[in-house]
Structures are given as structure tokens and as C-alpha cells.
**Student:** 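Structure incoming, see below.
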Amino acid sequence: MKTQSKGKMMYLAGEWVDCERTIEVLDPQDNRMIDLVPASSVDDMRKAIEAAQEGYRISAALPVHERIAILNKAADYISAHHEEYAVTIASEGSKTIREARKEVTRCIQTIRISAEEARRINGETIAFDQMPGSEQRVGYFYRFPIGIIAAITPFNDPLNLVAHKVGPAIAAGNAVIVKPATATPLSALKLAEAFDHAGLPQKILSVITGYAKEIGDVLVTHPAIRMVSFTGGLTAGESIVRKAGLKKIGMELGSNSPVIVLEDADLEAAVESTVSGAFWAAGQNCLGVQRVYIQEKVFNAFAQQFVERTKRYRTGDKLCEETDMGPLINEQEAIRVESWVQEAVEKGAALLCGGERNGAYYSPTVLTAVPKQCRLAREEIFGPVVTLYPVPDLETAIQEANEADYGLQAGVFTQDLQKAFEAIRHLDVGGIMVNDSSDYRIDAMPFGGVKGSGLGREGIKFTLQEMTEPKVVCFALSR
């Protein structure tokens, strides 16, 4: 076992290294410094890429059973240190300790599923004799790893979203370089610690901390990088696509997720589900409920129950077991959310509850009558704000839900199977949750969106397809 992770160090090609410059990792709750991490240079990133070229050859040569064993050992390590990982997530980010524990559990599942899927990277035989003149040919295709994966990850799920890129990359036999969010690098380094402990050969994995504006371009544009897997905002995603050049691209971008509640829905279940979906991780969730379209007959009842449940949400210390919601990732984000809400109110929206800021904290907020020209109606708020809209029927709800330039996931609450299937057919999204919030996800399912929500699909089995390529083999037999 190699040296364990320490403060001021990053994981470069299997070695824990430091830099002269450092970045403070702050707790958004009180701006207290938690730790320091290296502010890496362009040269550091180039070293990681150069090492990864050898790391790819090492990884591709690993027998599948060794990849499986390493992945399971890494999952075992995280499981044995579950609370330590949860405290790291809660301390550097926005999640409460209860939310952080769930993320750690999901991360363990993500890595274990990666181990399971490693044994199912299969090919197929090909009937070459379907083509006249090819009767004496037989063959097949198999899948091979593509090379070095650049994984650029966000702050809101700083452990599991890294695992969603690292786990499949290792399962497929690739090398992977992670550039974690500058605000939350410690969780990604903890994941590297698990793989270090599990005996992953050197040079296969790097976690390089630093400022994206300094080291991002060399990672994205380097010709040795064969795939860029990015999770983050639409503007940053579009910039990466323009710069990346000829390589595979996986983009999980933003959303403005709609939920439809019809008059026959179980209102109590719909309220509980959508409140949780709106305010999980302080609303900093790409799947978070942002717009709820409620059929007019039950609008008042739903809105009343929704506001009552929202007002019972407890904000405060993230490490307190009773806390429901913590702060946003920093005060600047809270100020931005506050300005969007103020804009909506100034243009005629009705504030039903919330709308108060205290440093990086922004209270769970509910509005109605939000004009369509407001940023809150059109863009991704990425904060604890939800808007309620009365609609006469399902057709209108679908039409209005599709107006946003995003299409990640949606929810619909109804007991009518016919209406559920109508929503499934016509909602322009990558996933639809029936009688559940738009933010429901398991780590094995295909995950991704349409329109401004991205390109490709995550979910281990589907990521493995992106991180491998088919190679065709054909034998011409003697006559």
C-alpha cells in the first residue's frame, strides 16, 4: 500500500505530491478553512497526461478479474470509512450529514456496479454470410478501452459523480485524470485514497487539483485525451465542446426540471416528494424540482400543503442530525439566487414563502405567477427555489414544461395510466418519473438529457459503452 492522502497533496499518477501554491478549501457554512490542496500548474497536468499514456497500457493489460478485485477493494475501503467520507462531503460542500451519508452509500454502489459490469463488456458474432460472396467468412466484434479519460466534476456531488467516471473508466481498462471542482476537491482525493489502498497500479488514476482557468484547457485539448466526460453548467460545457477537438464527449449539463401534478394524484405523496426534490442539497441538484405544473382543480390544496411542508424545513448546521438543508456552496451563489427571486417578484411573481438570505444560506423559497420572461422561469436556478403554476389540463402542462431549453428528467403524478403514457410520449426529456419527483435516480440506470441538458448517457453500463470502442475481426476461410 502506498502513502495515504494528506493535506496539501494531490494524487498525480499514483503518487501523493504537493505544490508550492495552494488553494484553501472553505466550509461554506462559516467560511472556515478546512484544508489546503495544491494549486497545480500546466506542467503538473502535462505530467499527469504523459504518465496516463503509460497508465492506459497498464490498465488495458489488467485481466478483468484484477479490475473487479481492485474496484471491490476500493468499495470495501469506503464502506469501512463511511462516516469519515460523509463528514468530508458535508464539510466542504452544501450537503447535510444525512444527505452526505446517502451519497457515500451511492458511491459504494457505483463502484460495485462498475465491478459487476466489467465482466459484461461483451461482443457479438457477425453473420458475414448475409452478404453474397461472403459465405466463407466468419467473425465477431469485441470492445476495447479507448485510452485516457478526462473527468471534470462538479461540487454538488463531489464523491459519487467522480465515482461515476472513475469506476467505469477502470472497469473498461482506461486511464483517467480527474479535475474536481475547486470548491470541493477533498472528496475526490478521498476516492483516490480508496483506489490507492486497493492496489490500483500507478499511472492509471490522477486527481489533479487546481484552477480550471489555468489547467483546464491543456486537459481538454491535449491530443492524448480520447474522451472528455464533463458534468457541470451549460456555458462551460459548450466551451469545452468548442475546444476539445476530435475526441469523444460526454456532457451532463443543467436542467430546469418540471413536475406535473394532475387532479387525480395522491397530493400528500406528491407534496412530500416534490418538496424533497426541490430542496435536496440546497437545491443544487441538476435533477432538482424547479417548476411544478398543478391542475387547476387541486392547485390551491397542493400549494397550501407544499408551503406548509416547506416552512417545516430546518436549515442550519450541516453536521447536525436534525438539519434538513445547509447553505449554498458560497455566498456569491446565494446572492445570485436572491437576485433572481427579486427579479421575479419585481415582475409580478407572488412570494409564498422564503426569499430570505443569511450569508451563504438562502431559505427554501416558493413562488407562483412567475412571468415567462424571468430568468427563474427560463434558466436553471441551482438553488432552493421552486415555482408553482396552475394549468387547465395535461396537454397545457406538457407544452409549458417543454418550453425550457433543457430536458434532463421530469416527474408526473397521476393515477391514470393513459395520462401517464401521454406524458411519457410527449415530455422532451431523458427520463420520466411517474408518481415520483424528477430527482429520482439509481446509479445503474441510463442518465442524461436532451437539448441543453447534454450529450450521451451516464450510468455504469452506458458509460462503459462510451468508454470503449468495438473492434471487428473477420476470418476468410479457405474454400
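In this chain, numbering begins with 1 at the start of the sequence shown. Since the model is a prediction, treat every value here as computed from it, not as a measurement.
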**Student:** Taking all atoms of both residues into account, what is the closest heavy-atom pair of K95 and A100, and its distance?
**Tutor:**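 Closest approach of K95 to A100: CB-N, 4.2 Å.
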
**Student:** Does some side-chain heavy atom of F128 sit less than 4.5 Å from a side-chain heavy atom of E135?
**Tutor:**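 Sidechains of F128 and E135: no contact.
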
**Student:** Provide the full list of salt bridge (charged side-chain N to carboxylate O under 4.0 Å, His left out) pairs with a residue in residues 269-292, sequence neighbours left out, each pair given once.
**Tutor:**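 Non-adjacent pairs meeting salt bridge (charged side-chain N to carboxylate O under 4.0 Å, His left out): E272-R309.
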
**Student:** Return the set of residues passing ring-ring contact (aromatic ring centres under 6.0 Å, His included) with F413 (not counting sequence neighbours), or none when no residue passes.
**Tutor:**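 Expected list: none.
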
**Student:** Checking K297 now: which residues fulfil side-chain hydrogen bond (donor to acceptor under 3.5 Å, both in side chains) with it, not counting sequence neighbours?
**Tutor:**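 For K297 there are no side-chain hydrogen bond (donor to acceptor under 3.5 Å, both in side chains) partners, ignoring immediate neighbours.
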
**Student:** Using 4.0 Å as the upper bound for N to carboxylate O, is an ion pair formed by D217 and K243?
**Tutor:**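 Result for this pair is yes, salt bridge flagged.
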
**Student:** Any side-chain to backbone donor/acceptor pair from Q29 onto P327? Under 3.5 Å, distance only.
**Tutor:**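 Flag not set: sc Q29 to bb P327 has no pair under 3.5 Å.
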
**Student:** Applying side-chain hydrogen bond (donor to acceptor under 3.5 Å, both in side chains), name anything that partners S114, two or more places apart in sequence or on another chain.
**Tutor:**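 side-chain hydrogen bond (donor to acceptor under 3.5 Å, both in side chains) list for S114, sorted by chain: empty.
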
**Student:** Do you know which two heavy atoms are closest between M227 and I225, and how far apart they sit?
**Tutor:**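 For M227 versus I225, the nearest heavy atoms are O-CG2, 3.4 Å.
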
**Student:** Walk me through whether E338 and R357 qualify under salt bridge (charged side-chain N to carboxylate O under 4.0 Å, His left out).
**Tutor:** CA-CA 7 Å; E338 181 181 42; R357 184 180 66 82; 2.9 Å; yes

**Student:** Are the side chain of E469 and the backbone of P145 linked by a donor-acceptor contact shorter than 3.5 Å?
**Tutor:**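 No, E469 side chain to P145 backbone: no donor-acceptor pair under 3.5 Å.
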
**Student:** Walk me through it: do Q284 and S94 pass the test side chain to side chain donor-acceptor pair (under 3.5 Å)?
**Tutor:** CA-CA 8 Å; Q284 296 165 127; S94 296; 2.8 Å; yes

**Student:** Would you find a donor on one side and an acceptor on the other, under 3.5 Å apart, between the side chain of N174 and the backbone of I148?
**Tutor:**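 No, because the side chain of N174 does not come within donor-acceptor range (under 3.5 Å) of the backbone of I148.
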
**Student:** Suppose we screen for ring-ring contact (aromatic ring centres under 6.0 Å, His included). Which residues come up paired with F447, at least two apart in sequence or across chains?
**Tutor:**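 F447 satisfies ring-ring contact (aromatic ring centres under 6.0 Å, His included) with no other residue.
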
**Student:** Which pairs count as salt bridge (charged side-chain N to carboxylate O under 4.0 Å, His left out) when at least one residue sits in residues 395-412, sequence neighbours excluded?
**Tutor:**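 Every pair satisfying salt bridge (charged side-chain N to carboxylate O under 4.0 Å, His left out) with a residue in residues 395-412: K372-E403.
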
**Student:** Any chance you could measure E458, atom CD, to M445, atom CE, to the nearest 0.5 Å?
**Tutor:**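 These two atoms lie 11.0 Å from each other.
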
**Student:** Count the heavy atoms of every other residue, nucleotide or ligand shown that sit under 6.0 Å from OH of Y140, and state whether that count exceeds 12.
**Tutor:**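 Open: at most 12 neighbouring heavy atoms sit under 6.0 Å from OH of Y140.
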
**Student:** Does the Lys NZ or Arg CZ of K471 fall within the cation-pi geometry relative to F144 - under 6.0 Å from the ring centre and within 45° of the axis?
**Tutor:**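 Yes, K471 sits over the ring of F144.
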
**Student:** Test of understanding: with side-chain hydrogen bond (donor to acceptor under 3.5 Å, both in side chains), list the residues that count as partners of D324, not counting sequence neighbours.
**Tutor:**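 Only R98, R314 meet the side-chain hydrogen bond (donor to acceptor under 3.5 Å, both in side chains) criterion with D324.
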
**Student:** Looking only at the side chains, is there a donor atom on one of Q290 and T387 sitting less than 3.5 Å from an acceptor on the other?
**Tutor:**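 Per modelled atom types, Q290 and T387 side chains form no pair under 3.5 Å.
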
**Student:** Give me each pair satisfying side-chain hydrogen bond (donor to acceptor under 3.5 Å, both in side chains) with a member in residues 78-88, each pair once, sequence neighbours excluded.
**Tutor:**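 For residues 78-88: H82-T105, E83-R101, E84-K190.
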
**Student:** Donor-acceptor check, side chain of S453 to backbone of G407, threshold 3.5 angstrom: yes or no?
**Tutor:**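 Flag set: sc S453 to bb G407 pair under 3.5 Å.
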
**Student:** Identify the heavy atoms of P470 and F141 that sit nearest to each other, and give their distance.
**Tutor:**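 Of all heavy-atom pairs spanning P470 and F141, the closest is CB-CD1, 3.9 Å.
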
**Student:** Hey, mind stepping through D439 and Q409 against side chain to side chain donor-acceptor pair (under 3.5 Å) and telling me if it holds?
**Tutor:** CA-CA 7 Å; D439 80 326; Q409 288 193 174; over 6 Å; no

**Student:** For a quick test of reading the model, state the closest non-hydrogen atom pair linking S273 to D436 and the distance between them.
**Tutor:**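 That would be OG-OD1, 3.2 Å.
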
**Student:** Determine the minimum heavy-atom distance between M325 and Y361, stating which atoms define it.
**Tutor:**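 Smallest interatomic distance, heavy atoms only, reads O-CE2, 4.3 Å.
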
**Student:** How long is the straight-line distance from CG of N285 back to CG of L408, given to the nearest 0.5 Å?
**Tutor:**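 L408 CG to N285 CG: 9.0 Å, rounded to 0.5 Å.
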
**Student:** Which side-chain N or O atoms in residues 418-435 pair as donor and acceptor under 3.5 Å with protein atoms at least two apart or in another chain?
**Tutor:**
unit_1	atom_1	unit_2	atom_2	d
N435	OD1	T414	N	2.9
N435	ND2	T414	O	3.1

**Student:** With side-chain contact (heavy atoms from CB on, under 4.5 Å) as the test, would you mind laying out the steps for L352 and L388 before giving the verdict?
**Tutor:** CA-CA 10 Å; L352 301 183; L388 309 182; 4.2 Å; yes

**Student:** Are the charged groups of R457 and E252 less than 4.0 angstrom apart, N to O?
**Tutor:**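 So R457 does not pair with E252 through a salt bridge.
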
**Student:** Residues two or more places apart in sequence or in another chain: which of them pass side-chain hydrogen bond (donor to acceptor under 3.5 Å, both in side chains) with N300?
**Tutor:**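 Applying side-chain hydrogen bond (donor to acceptor under 3.5 Å, both in side chains) to N300 gives none.
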
**Student:** Measure the shortest side-chain to side-chain distance between T315 and T323 over non-hydrogen atoms and say whether it is less than 4.5 angstrom.
**Tutor:**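 Counting from C-beta outward, T315 and T323 never come under 4.5 Å.
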
**Student:** Is the number of heavy atoms from other residues, nucleotides or ligands within 6.0 Å of NZ (K347) greater than 12?
**Tutor:**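 Enclosed.
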
**Student:** Who are the ring-ring contact (aromatic ring centres under 6.0 Å, His included) partners of Y293, not counting sequence neighbours?
**Tutor:**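 Once residues adjacent in sequence are excluded, the partners of Y293 under the ring-ring contact (aromatic ring centres under 6.0 Å, His included) criterion are Y389.
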
**Student:** How about N256 and E379: do any of their side-chain heavy atoms sit closer than 4.5 Å?
**Tutor:**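 No, every pair of side-chain atoms sits at 4.5 Å or beyond.
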
**Student:** Going by heavy atoms in the side chains, are T96 and E99 under 4.5 Å from each other?
**Tutor:**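 A side-chain contact under 4.5 Å exists here.
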
**Student:** Working note: D27 + S91, criterion side chain to side chain donor-acceptor pair (under 3.5 Å); need CA distance, chi angles, decisive distance, verdict.
**Tutor:** CA-CA 6 Å; D27 186 333; S91 298; 5.2 Å; no

**Student:** Under the side chain to side chain donor-acceptor pair (under 3.5 Å) test against H164, which residue among D443, T231, D157 passes?
**Tutor:**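 Looking at D443, T231, D157, the match for H164 under the side chain to side chain donor-acceptor pair (under 3.5 Å) is D443.
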
**Student:** To check you understand the geometry: which heavy-atom pair defines the closest contact between G173 and S59, and what is its length?
**Tutor:**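 Distance-wise, the nearest heavy atoms are C-OG, 3.0 Å.
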
**Student:** F302: what forms a ring-ring contact (aromatic ring centres under 6.0 Å, His included) with it, not counting sequence neighbours?
**Tutor:**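 So F302 forms a ring-ring contact (aromatic ring centres under 6.0 Å, His included) with F306.
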
**Student:** Does atom NZ of K248 have more than 12 heavy-atom neighbours from other groups under 6.0 Å away?
**Tutor:**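 Counting neighbours around NZ of K248, more than 12 heavy atoms of other residues, nucleotides or ligands fall under 6.0 Å, so yes.
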
**Student:** Flag yes if more than 12 heavy atoms outside E268 fall under 6.0 Å of its CD atom; otherwise flag no.
**Tutor:**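 Counting neighbours around CD of E268, 12 or fewer heavy atoms of other residues, nucleotides or ligands fall under 6.0 Å, so no.
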
**Student:** Could you go through W280 and L287, starting from their C-alpha distance and side-chain angles, then the distance that decides it, and tell me whether this counts as side-chain contact (heavy atoms from CB on, under 4.5 Å)?
**Tutor:** CA-CA 10 Å; W280 181 270; L287 294 174; over 6 Å; no

